[in-house]
Structure formats: C-alpha cells, structure tokens
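Some notes on the structure that comes next.
Computed from heavy atoms alone, side chains included, the values below leave out hydrogens, waters and symmetry copies. Letters A, B, ... mirror the listed sequences (proteins, then strands); counts begin at 1.
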Amino acid sequence: MNIRFTGFGGQGIILSGVIFGWAAILNGKNAIQTQSYGSSARGGACKCDVIIQDSYIYELVPTGNDILVAFSQPAFEKYKNSLLKNGLLFYDSDLVRTDSFESNSFSISATDLAFKEFGQKLFANIIMLGFINSKTKLINAEAIEESIRQYVPSKFADTNINAFRLGMKLN
Amino acid sequence: MNIRFTGFGGQGIILSGVIFGWAAILNGKNAIQTQSYGSSARGGACKCDVIIQDSYIYELVPTGNDILVAFSQPAFEKYKNSLLKNGLLFYDSDLVRTDSFESNSFSISATDLAFKEFGQKLFANIIMLGFINSKTKLINAEAIEESIRQYVPSKFADTNINAFRLGMKLN
Amino acid sequence: MKNELLKYLRTDILPTEFCSGCGCGTVLNIFCHVVDELKINPDDIIMVTGIGCSSWIPSPYFSADTLHTTHGRAIAFATGVKVMKPDKHVIVIAGDGDLAGIGGNHLIHAARRNIGLTVFLVNNYIYGMTGGQVSPTTPSNVPTTTTPYGNTEPAFKIAELVSAAGASYVARWTTYQVFHLKKAMKDAILNKGFSFIEICSQCPTSYGKRVGMREGIDQLKDFRDNSIDLKKTAGMKDEELENKFIVGKFAERNRTEFTENLRNINRKFDEVPV
Amino acid sequence: MKNELLKYLRTDILPTEFCSGCGCGTVLNIFCHVVDELKINPDDIIMVTGIGCSSWIPSPYFSADTLHTTHGRAIAFATGVKVMKPDKHVIVIAGDGDLAGIGGNHLIHAARRNIGLTVFLVNNYIYGMTGGQVSPTTPSNVPTTTTPYGNTEPAFKIAELVSAAGASYVARWTTYQVFHLKKAMKDAILNKGFSFIEICSQCPTSYGKRVGMREGIDQLKDFRDNSIDLKKTAGMKDEELENKFIVGKFAERNRTEFTENLRNINRKFDEVPV
Amino acid sequence: MIREKDKIEIYIDEGLCKGCDICIELCRPGVFVKSEKLNSRGYYVPVPASMNKCTGCMICELICPELAVIIKKNELVKEVV
Amino acid sequence: MIREKDKIEIYIDEGLCKGCDICIELCRPGVFVKSEKLNSRGYYVPVPASMNKCTGCMICELICPELAVIIKKNELVKEVV
Amino acid sequence: MTRENYLSKLKNRTLFIQGDEAAAYGALYAGCNFFAGYPITPASEVAELMAKELPKVDGYYIQMEDEIASIGAMIGAAWSGGKSMTATSGPGFSLMQENIGYACMTETPCVIVNVQRSGPSTGQATLAAQGDMLQARWGTHGDHEMIALSPSSVQESFDLMLEAFNLSEKYRNPVIFLLDGEVGHIREKVVFPDINEVNIHPRNISKEKVDVFGGMRIPPMIEFGQGHRIHVTGSTHKSNGMRDVVSQEAHDKLIRRLNDKIESNRDEISKYELHFTDDMEYLVVSYGASARPSMGAVLKLREKGYKVGFLRLITIWPFSSTIVKELGKKVKNIFVPEMNLGQISREIERFVSCAVHPVSKIGGVAHTINEIVYEIESEVKKY
Amino acid sequence: MTRENYLSKLKNRTLFIQGDEAAAYGALYAGCNFFAGYPITPASEVAELMAKELPKVDGYYIQMEDEIASIGAMIGAAWSGGKSMTATSGPGFSLMQENIGYACMTETPCVIVNVQRSGPSTGQATLAAQGDMLQARWGTHGDHEMIALSPSSVQESFDLMLEAFNLSEKYRNPVIFLLDGEVGHIREKVVFPDINEVNIHPRNISKEKVDVFGGMRIPPMIEFGQGHRIHVTGSTHKSNGMRDVVSQEAHDKLIRRLNDKIESNRDEISKYELHFTDDMEYLVVSYGASARPSMGAVLKLREKGYKVGFLRLITIWPFSSTIVKELGKKVKNIFVPEMNLGQISREIERFVSCAVHPVSKIGGVAHTINEIVYEIESEVKKY
Ligand SMILES: Cc1ncc(C[n+]2csc(CCOP(=O)(O)OP(=O)(O)O)c2C)c(N)n1
Ligand SMILES: Cc1ncc(C[n+]2csc(CCOP(=O)(O)OP(=O)(O)O)c2C)c(N)n1
Ligand code: SF4
Ligand code: SF4
Ligand code: SF4
Ligand code: SF4
Ligand code: SF4
Ligand code: SF4
Ligand SMILES: [Mg+2]
Ligand SMILES: [Mg+2]
C-alpha cells in the first residue's frame, strides 16, 4: 500500500505522512516513510511517501501509488501520473483543479476550512487525514489519533484531534 | 661524481651546491642538485647534494659521496659515513672536530676567516668552494666564478668572487 | 500590469521560492530599484553568491552574470572575478551563516584588502535554508533546532567587525528602513573599495517562529520599533542596546582599492624596454 | 649553571631550532617566567598550537600536554579541549599566519563565544617557517618572497579586530616590553573568558632582512623606538600612527564564559527525575 | 475647488503575491484589505480598497518581497469640482 | 664606605646561547661584551665583562631567546671598604 | 542525568524515526558525550538530535563555525577524554579531509558521519547518493587506511553506530559512518535495546606514562590532564609522540604500523551478510540503501529460477577482499547496484577475474527492484 | 610588457632551476595570467616565481588567506577570462577538495598543482612523496572524472605544464599537476623553447549566447561580462546553467556527460612512454620521480640479461588502462615502484590478471636503482 502526500512546503505534507506511517506501525504493520522537497525550506513542491506492508520492505521507492493526496496544483500535475489504476485521489478543492484527469477522486476545501474553523491554514492536512481515513478505513482511527498526539506539539494536540474528527465527518 | 654540502641552515649550504651544479653545466656536464633541511628555516641540519655526470642522470639519491663538505658537528656526525672509500672530506675547522675519523681530509677556518676578512660569516661557504676547487680541480674556476655571479645578489658579487679566490689560495 | 523592474529578474522562475513574507524578497526588490535608479546596465554587474536562502537573491533571481559558489566562499571567488574584471560591479549577496559563519575569514580578509567588492549580507539571524539551526548572529538564549535549550553563544556584531577589519564603507539597515537601505546600497555600489551592508532581514519560517514572530510582518514591526540610529548610541550602555538594531553608517574611509594596487605594479613593466 | 626554568621545557631537544635572535624564544622565556610566578602546575596546562615557527614554542619546547594541530586550526581543536577540560588552562600560542591568516575565522568566532582559552598570537609580520611569504600582518609595500614589488595589501590590526569580535581580554605588546608582556600574560591566563595577546615579535631571518633589519636586535630596537601607548593615541591621526606599534590593553570585559553556559544547561538535567 | 484625480494607480500582481500581509500592515493610511478568497496558490492577496487614501509614499512597492506591488504616479490630472 | 659585593651573579649557558647579541645590546649599563672566539656551534657568545655595573634589572634574563642568561640575586653581602 | 538513567528510559522503546536519528541514538548508547558539527542537509538531523539529547547525559553539543572547526573540536575533545563525533554530508566531508588525515596520524578514536547526498559539489542537496565511497578511503592526502561502515536500514543505523564507536576505540582510528541520504532520511521502526545487552569497547587508557604512539601495534591512549605531558602531532613522530620530520625510518615505521593495524585485522573488522551463495551462478554485491532493492531483486530472481547469490557489505573499508575473492571464483558475473557511477565495483575488480557489472543509478532516487532485476536478467540472458 | 615580449626574452635560455620553477615557467608559456595561492612547502617556489613574473606579462598574482580561498579566487578568475592556476601540497590539496568538485561541476578550465610531500597530515613537510595519487582521483565528494599529469624531470615539468593548460581548455576540466616533492625540488637544466614552436589550445569562447553547460559533450565557454547573463552553479543544472536540483534526469544527464567527456577521450588524453616492451617477460610501471631510478633499474636489469620492459605513465588520470591491459597480457609480473604504499599499483590490478608487485618506498627518499633492481631480481628468481 503506497500513499503519497504532496503540496508546497509548509503545508504539513510531511507531518501527514509521518503520522500515517506511525499509525500503521501502531496497527502492527511495517511502514517506511520518505520525503523530498525542493531546496528552499518552503517555496518548492514537496512530497511524502508512505509504504505500508505486512512483510519486510525491500522496495524503497514506491513504483506507483494507491493513494495520492494533492495540496497544490503543481504537485498534482507533477505526480498525478504516479497514481495506479484504481488508485484514489484526494485533493484540496481550493488549491487543485483536476480538470479532465480521470480517477476515483475525493475533495474538500481543507485549507479554507482550516483557516475558518481553526484560525490557521496549518490544520488543513489533519482535516484531510480524517477525510482520507473516513473514505478508506485503512487504519483504525484510534491509532491515528494516538499518532497525532505523538507528533504535534502538545498544546495543539486537541485542536488537531478536532481537525481530524472534522475531516472524518466530511463528505 | 657525488658531492654533499652539509651544515646548519643559514650557512649558505644550498647556495654552494647550486653554484657548483650550474658551474658543472656550464662545463658541459649533466648535473642535478637536491637539498633537504629540517623543518625550521634555520636551526636544523641541512644538506645539499650535487650529482654530476656526463650521461643522463637516473639516480636521484647519491648512494655514496665522493666529496663531503661539513660546516657543523651534527651534520658531520650524521653524514660522515656517506663518504665513499677514497672520498674527500672538507670541513670548517672551527666548527667540526673529526677526531678519529679516517679519510682524506682538508680543513680551513672558513667561518672565522669570513667574519674577519669580509665582515660576514656568510662568505664562509664561498671561501670553502674556492678551497675545494683548488684541491680537486673538478671544474674550471671561470665556470665557478660565472656561476657565483649568476646566483649571488649583484651588490655582493665582487666580495664573493674575492672570497672564492681567497679559498683557492688556501692550503 | 507587470512590475517594470521584472526586467532585472529571470522571470521564468518567478514567483520566488522564498517563503511568504521573507525579507530576501524585499532585498531583491530594493536592489532592483537601486540598479534602475543608478542606471547600471546589468551586463556590467557580476553577482557572486554562496549557499543559503539569501544567496538565492542573485542566484537565480537577479538577471546578470551570476557565480553561485560553494557555501561561504562567495567573497573568495569574487576576489578572482574582481581582479580580472576590475571595471565591473562585482556584487555579493548572501546570508549571515554563509558570509560571517563559515565564510567569516574571507569576509574580514577582503575587508582588510579593501578589494572593490560590494557585499550585502542578509542577516536573518539563522541558518534559514537548512531549517533553522543557530547562526553566529542568533541572539543569546534564543532556541533554535540546534540550541533547543537556548543559544549559549553571544552574537556577532558584523558591521562593527567588518569595520574593524578595514572595509572602506560599512553600514547596517533593516528591511524595514527601505529608503535608508536603498540609499546605502547606492553608496556601497558607488564606493570604490570594499563596501559592506549588513541587512537585518526577517525569516518567519526558520527564525521568527522561534521568537514568537510567526509572520514576516511581526519581525518588520520589531525592526520598526527597536531600531536605533548609530549616532544616538554614543554613551549608551550595552544593556540599553540589547535587542536593539543599531542602524546607520559605520565606516566611510578613503583607502586605495586592492586591484588598483595590483595594476599599478603591472604598469611599471609596461615601460620596460624589451 | 642551568636556568631553573628549564624544568618547564622538554630539555632534551634544546637548544631550540629557532634562528639566532628570534622572538619566539623570548616569548617562550617570558611564558616560563609567568607559569613559574603564577605557580601553575604544568600538569594543569594544555597547550594547543598550529603550524609555524611560533607554534614550536609549545610544540615541542614547553613541557605540558601538547596538541600540535594542523595549520590554522589550533583554536578549533582547543575549543573541544576546553569543553571537555574546563578546569585546565588551555593555552594557544601560534603565529600571525596561523591564527589570523588561515585560522582567522576560528579566532573571531572563539572571541565571540568568549570561550575560556588564552591565545598568544606571535606576530612576526611574515610566514616565517615557509621562508618569508607575505602574511596578513605584513605592512603595506614591504617586499617579501611573494610580494617582490612590495605588499599591495594593508595589514590587519589584529588586537583591534579580536576586540571587535567580542573577546573579554585583549592586549598588544612587543617582545621588547618584557615586563608589560609578562604582566599581560598573567592577566590573560587569569581571565576566565577568551583572552588574547598580540605579541609583536622579531623574525630576523624571514622578515627583518626584508626591511633592513638583519638581526633580531634591530627589530627590538624598532619596537623600542616606535611603540606608543594605546592611551596616548586618542586623537592621533592615522598617518601619525603609521609604522607605530600601539601597545596596551584593548579590552577587558565581563562576559560569561562559553563552557560555563554549556554546563549550566546540563545542570538543569541533573534534577530531572528518572 | 480643484481636485487631483487618479494621481496614483496601484496594481497587485496576483501571480506573484504570496499573501504575506506586509503591504496591508505597513501602509500607514491603510489602503489595502485582505481578499476574501484564497487565490489558486493558496494565498489571500491584498486588495487596494481605499486607493484615494494613498499618499504615494512607495513603501509598499519597495518592501513587497515579491515585487508584486506597483505604484504608478501619473501626471496630475486636475479637475475643477 | 660600604660596598655591595657579589650582589648579583650572571651566568651564560653557552650550550644554549646562539650569539644573537640581544643581551649585549639591550643591557643599558653595558655589562656584556662579545667573545673573541666562535663557540663550537659557530656563535660568538656574550661574556659578562663588567658584572659590577649590573643593576639587576632582569631584562637580559627575560629577553634572551634561548633562556641562556641567568641572573642570580644573592642576599646582599656588604663589605666596608 | 547519568547516561544509565537516560538509557534506561529509552530501553525497549519503539520509535518511528529517521536513519539519521537512529545513528544519533546509537551514538548516545555507545557513550558519545561530545558532538561538534555544522548544519548540512541531509545530516542536520543527527546534530539536532544530539543537541537535544546530549545535555541529558551530561555531554556536550557544540555547533562550530564550519566543518573544519567541527572536526578539529571533535579531535581536541577526544584527546580530552571525550567519546566524540561529528556528522556532515559531501561538501562538509570534503572540507574535513585534512583533519581526517590528522585523526589517522594521531590515532584518535572518533566517528565521522557522512550522510551522502547527490554530488559532486552542491549537486542536488536534498537527494541521496552513495557517491563518497571512495572518497572515504582516499579523500585525505598521504598513505592511510580507513574504517568505514554503511547501514542498510534505520535499525542497523542504530546498531552499527555502536560498532563504529567500538571499532574506533579498539583500533584507535577514526571511523567513517557512511550513511546514504536514503537510509538517513527514511523513517522506519527502531527498537532500542537494554544498555546491559550492549557491548561497549572501553577506551584503552594507560594510567602509567607510556609511549602513546608506538611500541606495540595499537598502543594505549593517555588523556590530557593525566600529568603525562604528552605530545600529540600530525607530523611524523616517534613512539613517544615527539616529532621526527627528517628521518626516513621514523616515517616508514609509523606509517606502516598505522596501515598495518587495520590491514592485518581486515578480516576481523570486515562485516557482511551472505544469502544464497551456496549454489549461485551470479553474485549481487551491494550495501547501504541499495542493498534493500538488491535483496528484493535477488528474491525475485530466485523466484524466477536464476541462481543468484547476494553479498551485503556492512564494512566498506577495509574492503572485505577475502570473501569477495572467494565468491568471485564461484561465479561468472558480479552485479553491483550502487547509487553512484560504479565505485565499490572498481574495488571488486581488483580481487576477481570474472566480469563485474556496475548497476549504477544516480540522481537521488534509489533503485527499484525491477530495475535491478532487469539489468541482471538482460545481462544473464546474453549467455 | 606583453606576453610575447616577455617570452621572447626567455627563448632558448638555459637555466638550472627546480621542477617547481619550471612548472611556473611552463604556465607562463601556456598563457597563465592569474595565480592565487597560499604558501606551503614544497610548493611555495611555484608561487614565488609567479609573484615575480606574472606582473611582467600583465598577469596577476594574489596570495589568499588560505587554500580554499585560493582555489575559489582561481575559479572566479577563470570565469572572468583568466587562464588561472594555483599550487599547493597535501594539506592544502585536502582543503581544496570541495572546490575541486566545484570546478569539475562547472567545467572550469584551470590547473591545480600539487607538489606532493610526505603525509598523511603534516607528516614530513619538507620531504617528497607520491602519496596523493588516488586522492587526486577521489578526493572530492560525488562521482567525477579527473585529469592528472605527473612529470619525471625538470624539463618535463615545464613541457607538461603546457599540456596541462591545453587539456584543461580542451576538456573544460580542472587538471591536477601531480608533481612530487622530488621533481619539484630537484634542480636540473631546462631549455626554454621559442613561443612560436609551442602549441597553445585557445579557450573555446562563444560570441553568441549559447548553452554553456550542455547541448554538446564539451560546450563552449562564455566569459563574464559578455552580456549573456550566464548562471554558473555547483548545483545540478540544466544546459543553460539554471539549477535543477530535484529531477533525477537532470542530474543523470549532467554527471554522465561530465564523466563521459573524459572517459570517452581516455586514449587521447593518455600519454605514456614505452621501453623494451617488445620482448619483455616482466614489466615495470612507474611515473614521476620514481620513474627515474626505475628506468635506471630497467637498464641495469637488461644488462644483466633480464627481459624487463618499462612503462612510464605521464598521464595518471584518466588511467591508461588500454596500454596497461595490453601489456599486462604479455607478462607474468608487473612491478610498480612508487613513493607510497601502493596506489597506482591498485589501479593496475583492475586491468590485469598477472601478479602486480608494489615496490613501495615512503619517508621522503627516492628509490635507488639498486633497491629496485634488488626487489625485482629477488621476485623474479623465485620462478
Ligand atoms: C560546506 C557546506 N556546509 C554546509 C552546507 C549546508 N548549508 C546550506 S545553506 C546553509 C546555511 C545558510 O545560512 P545563511 O547563510 O544564513 O543563509 P539563509 O538561508 O539563512 O539565508 C548551510 C549550513 C553546505 N551547503 N556546504
Ligand atoms: C593547510 C596548510 N597550508 C599551508 C601550510 C604551510 N605552512 C606551514 S607554516 C606556515 C606559515 C606560518 O606562518 P605563521 O603562522 O605566521 O608562523 P611563523 O612561522 O611566522 O611563526 C604555512 C603557510 C600548512 N602546513 N598547512
Ligand atoms: S526559510 Fe527564512 S530565509 Fe529562507 S525563504 Fe523561508 S523565510 Fe526566507
Ligand atoms: S624564520 Fe623567523 S620566526 Fe622562524 S625561527 Fe627563524 S627568526 Fe624565528
Ligand atoms: S507585500 Fe507583496 S506579497 Fe505580501 S501581501 Fe502585499 S503584495 Fe502580496
Ligand atoms: S504607496 Fe504608501 S500610502 Fe500608497 S498604498 Fe503604498 S504604502 Fe500605502
Ligand atoms: S640574548 Fe641569549 S642567545 Fe642572545 S647572545 Fe645573549 S645569551 Fe646568547
Ligand atoms: S640584569 Fe639588567 S643590568 Fe644586569 S646584565 Fe642583565 S640587562 Fe644588564
Ligand atoms: Mg541566515
Ligand atoms: Mg608569522
């Protein structure tokens, strides 16, 4: 199971992958997470891959993604073709237009929602995580919540959990 | 023909070798000159080798010296055994005691002489060159004088030539 | 409507990759104004830079001959450039880590030589590009990714140091003082010897957030509220000046430029008969 | 009759390899007096040095733990030493080329950090060991083996520079002012933070002869005749000070020492319950 | 009474702007407001809402990190009111 | 009249001295002279010729680059002349 | 806090961390108490974790003005009783070369992490590579031997770091920890052991004053401040540490001993892993990140019926020539997947007479299993 | 003074000078007009001569604050129209490694002289060695090729320096001039040629704006100030010079081209000298100073009736593998006298299957003829 999170730096792309990977491990699976970003800390495109398997993972580079998450247009354009047939596309509908791209796709206004609900665009990624999990049921929600608490600063933990739960409820 | 000049740094040891080597070339021979010194500019022992041959020189390290010139006790002790059987030893009698060392040897008070005749100990090496050449007649004196003029600062050239000629006259 | 100054930039790669609110962009902006107002043909400019966010101001954004060197070495490379191209404006723009951290020795030696380079050091108080490690200009006690318990080292006063090293023009301004900075940049470019401006600049991503200033504007307000004119500092105590940005001109001296000295030697040999 | 101070030296390698009349020997001599008068046990001294004639003062002559490092890096190595051995006297003695040339960056950064090192920079105005190439302290116009037509660069004022970098104790003396130098060395060793003395020293072999001073004594007389007290220089013009040796104390500041800051952090974790 | 009209034009290059709010916050007369909607790159760009308040001080143009603000000072067009 | 005698002893370590003349030249009262003959290492070493002129200023001991000068200040031995 | 208290808190913990971080934890387990470094992608995470954790074990993190100062401070600390390390990547590693030679020459135990990124020069700073394998061996001037290790997983990054410190103490030599940016930046599960189950090689310190630079092949150390007034130099020295920069014998003796202490223990230092080599016709040799898809490819090729064996190098230097020689005799072809243009494959060529095929990939992306399978299959089918 | 006037004064002159000085004169003949350096034994003589002579040809000598700055200034000058060089020895060469990679990456023509002294580290600073042969190839991080030359006499030091500059221009690559301290410091007779008889490869400068970093294997250069606003970077870049630090393809394309431009011209770059190889049973391979007593030994062995051949390598990198492979097939044993513990002998092992015997000597003294004769005779007699 290969999942790719993509967008600009600063959108919490990498954090999403880390949370997801650790949640998978909490669920008793093997996981590796890798990331890549442009050379400036923020501006460039950024991606984060998570590979989840039951057995030892020899393959370090996903050869196709089962799930693609897109938080920016350039990232979407760059990576859309990595989506496997029957793969699922998740994207922020304010930031990405998929036009004629054909796939099983799901979208929400995560960034706008985050800003308006929680006062910070930063929570968009966690809302998206909830949304993805509600659609895919890949990992149980408790493991993801535990993982969120592990990785976000404790003073923001509750807000993040709320964001996650908000995402879980979206359609 | 291997000639080794030895002493402390600052005594003009290397200059002696260079002058001698160039003089040999002026005489139509092949010559290489090498030098080695301790790691401080002055204090340590210092040596200068000149190899003179009619043919191309493949051997870079003299395997024994036909002539050894010693300007200090430590240098003498260190290098005396490099003198070939029948080799000639030249030394400054104020600075070197040869004790029981057996060889064909020649000595003068070059340093004291230099200071007293020319006001500078520095001329000792050139006096010695003259002395050596008077004893060995290795290279013609004109070539050596030409070489001296080439290598010493022009304002000291005449004094050096005088020092050389003084050396030629010593016994 | 496009900004006319974009003609000075390599526009195909815009918008910049700088974070939103980053002071590097402001430096780039003001520099474009300066080149425009001084009517310098960019063909007469050679930009030299190192590695870091600030180094991206010239490389790749400003459109002139550009030498993007290794980390910390811009001034060393620029020295070779200036010796061979004494009539060009050789301009170095790079960061605090690059020029005063790893590159500090080249900085002080170039200042000593008084070689005709113009150096704009963008001091964002942090290693920005690598994600926020302490820099030699990070104030004491500030937490960074490599000083999680607060910085144990005092910060350089770079303008003062470069002045002590012998530069012929030295100033410090912040990205808030846009007009002073613009004027200073002009003076620096027109000065013949080694010219240096320390530009205090905001880095919301890697520095600001560490000191409670999440957005670029927060640091700009800090610059606005806590800058103090060098001329007014005489007699002030160190404590009073803590956390202040002392701005102004630190040095302006008449000294012969290095490459001119070199050429003077060569000229002597022009007259030598063959 | 032997000098009692020889007990501080590795005597089996005496006499030194310094040239006759070299100031390095005088520095060594006075340093022995200082250690003796301060009653410091050499076992509590760690000497760190670089490459050059001046670096031979501690390596090999002074008999204490000695770290003879690569060229220019003495202060960097000494930083690691001091962090791990904060209670020892960590003393660096090296040359102008070593500490202010290739090693200039480590020098200014250590001064900034105010790490508790004692640094004696033996400024002989030249690269002595390698045979007389121009150094960053060689005065302008002086001919050296690599500036046959006269030095085209101005010289560093090292004491001033190190002071601007933040050192807590800075002085300059020449080998002629033996008593002042002895006193300053004591002050430097006793000061807790970064202490620095620029010692102007004669090098007859590689420098003196280039400026018409063939013997060590000639340069000493120059020091004698052309030294001027820092306190008397206020208001004097640059031209008046040219070719003068400005001697005196340049800085004495109270700042916390770097390794103490580090240990304060560690102490916080002593109390953490397991 | 004579009024100066269209003295100054203000343009924001939306393709460059990164919504840092610096121009909004540092314009003393408060010419700009924040847009309501994210632009396609995820930023709320400034809108010059009160152009007539603009003093032409140029700060916004000089300080914008993206060269996204353009202040055009036209020749004065005076009209009699 | 009371004279101080043997107040100060001066030693030169010939094994260390490199004949740089610094002590000779910088001793203000001129205590030292140059030896007549080279020593075995090729130097003319100083000789403390006018010991009685010595003021005990210690300069020679401190400045000698070879630690070759030793100034011993004994307790004063006063004698009536 | 004492190191024991600290480690007892870590014990049996499972974390999802990067190879860089695992290496740092490994160092803390090994007793590292001094880190001097300078930030650089992709090695900064090692420094950042050390900055956070070292004070907890009463150790010291310092950030220096550059990489040259970092390795200098590290060596200074090592002689002052520190178990010390630094971490960098290509550009910084190049800058450290002079003082790596110094560490060899002075027989200073210490660990230098190089998290390899895509070079030469600044290259692609955020992308992984294995381009410094031969630089680790030959980067500094003069004859010298080197110890270098390369882990293939995050857990191994932890485990092998313990080994790195132990080897550095045992052989009194710097050890290069050749992470690649891939293993350095991957996040995987790591489980920390109990400190009591971990084997730490203590520094061999002599209480008495002895020769610290000779007299035996690996002489004991002395620490500054013991009162022995030792002399440490990067110049050629006698066994007591005093310089001898003129005699040929002194240099010959010293340098041959330094080389010999590694060379003669080659087989002991050499660590590797073998799979399916009994009946093999072809051999795959790999290491670091590349070893992961390589092993995946071997499994796949076996499934397809190819008799492929696998040698994973863990120790890179000294080179595991004994096993390579031996295996080389059994096969017709050796394939060497590396994230470079063929570096270790060159070393292999020295010891075998069969054909050696580099399976090179550069540009920051690890090989996929299929890429390796394809390369091997198409070569093998030629026969 | 113009370069022509200057050189016409030198023409046909015979001098008794050191290899270092001959190298400097060679550079002046080649048109070198920029030197940036930092003093170090045994390379300072190159700098000192350049400082004296460069102003006479309207060139510039500058002494920088260290070796890193020196190579930096040199590269900056090269892009500003300079034919530039620097000279150093081991410690400085180690410090230059990062920017040697930069010069490769930016395809900057320039010459770096390394007058090798006895290392590692400070070693024996005044004594000669050939210990940096492999460092010259692998010292900087990341995959790269290198051109390196090594002269065996003072006259060749002059002649080969011309070649070094020409190769650097032709292949747009830094060239390492691997003098050893022995040849560098020996004084021998040199005769200067007439400048008209000397072949100078001019810099390939494009007047039009073109891609300076691709489009063809060795693209033309552009000089700063031509108005083309070029972008030069040590990061991975496209053919127009603009950074591309994320795409695998960009890196792969660039780095493979950089390697290929040397590798595919290996035989053209490779210079060597053969003696007695027609009927040989044993082969001696050597270079630099070691080649002198090696040739002496070959002559002596021939006198004694041994069928010994001799290959003197002049180009060290790229390695002359074609001839080595060919000769290796004809002999049972190859002997490699080197002033190191066996460096080029390792490279030879990659290409031959006969036995390769290093004839190592370290500690600053060149081999004597008899030492080499003895080593070879005693090995040969075993059969
Ligand atoms: C030799 C070397 N060491 C370290 C790095 C990693 N590095 C890249 S940018 C940078 C810091 C840049 O900081 P600064 O110069 O202040 O620029 P900023 O990003 O803050 O503008 C570092 C350490 C490198 N590229 N090369
Ligand atoms: C990296 C490196 N570069 C150059 C040298 C050569 N070198 C040895 S000593 C020295 C100069 C020493 O000058 P200084 O520090 O002033 O000491 P001095 O001999 O004048 O006392 C140099 C350049 C070296 N050893 N290492
Ligand atoms: S990290 Fe800081 S300096 Fe770099 S682009 Fe972002 S805000 Fe600017
Ligand atoms: S060269 Fe100069 S510094 Fe070195 S020992 Fe001689 S006089 Fe002293
Ligand atoms: S300052 Fe520039 S980038 Fe920032 S919000 Fe205003 S227009 Fe946009
Ligand atoms: S020019 Fe000045 S007043 Fe007008 S919008 Fe810009 S900042 Fe505001
Ligand atoms: S100062 Fe010392 S070395 Fe010099 S002459 Fe006097 S005793 Fe001898
Ligand atoms: S102590 Fe003073 S007076 Fe006496 S000999 Fe020495 S310098 Fe002269
Ligand atoms: Mg910065
Ligand atoms: Mg000096």
Neighbourhood of chain D inside residues 252-261 of chain C, taking heavy atoms under 4.5 Å as contact = C:Arg255, C:Phe258, C:Asn261
First locate atom CD1 of C:Ile108, then atom CG of D:Asn105, and finally report the distance between them rounded to the nearest 0.5 Å.
-> 6.5 Å
With C:Ser54, which residues qualify under side chain to side chain donor-acceptor pair (under 3.5 Å), at least two apart?
-> none
May I ask you to list the residues in residues 109-121 of chain C that approach chain D closer than 4.5 angstrom, counting heavy atoms only, ordered by number?
-> C:His109, C:Arg112, C:Arg113
Give the member of C:Pro136, C:Gly150, C:Ala164 that has the highest number of heavy-atom pairs under 4.5 Å with chain D.
-> C:Pro136
Where does D:Ile102 contact chain C at under 4.5 Å (heavy atoms): side chain, backbone, both or neither?
-> backbone
Is the number of heavy atoms from other residues, nucleotides or ligands under 6.0 Å of D:Lys88 NZ greater than 12?
-> yes
What are the residues of residues 68-76 of chain D, in order of number, with any heavy atom under 4.5 angstrom from a heavy atom of chain C?
-> none
Turns out that what part of D:Ile265 lies under 4.5 Å from chain C's heavy atoms comes down to side chain
OH/D:Tyr149 to CG/C:Asn264 distance, rounded to the nearest 0.5 angstrom?
-> 14.5 Å
Answer key: most heavy-atom pairs under 4.5 Å with chain D among C:Ser163, C:Gly104, C:Gly103, C:Gly166 is C:Gly104
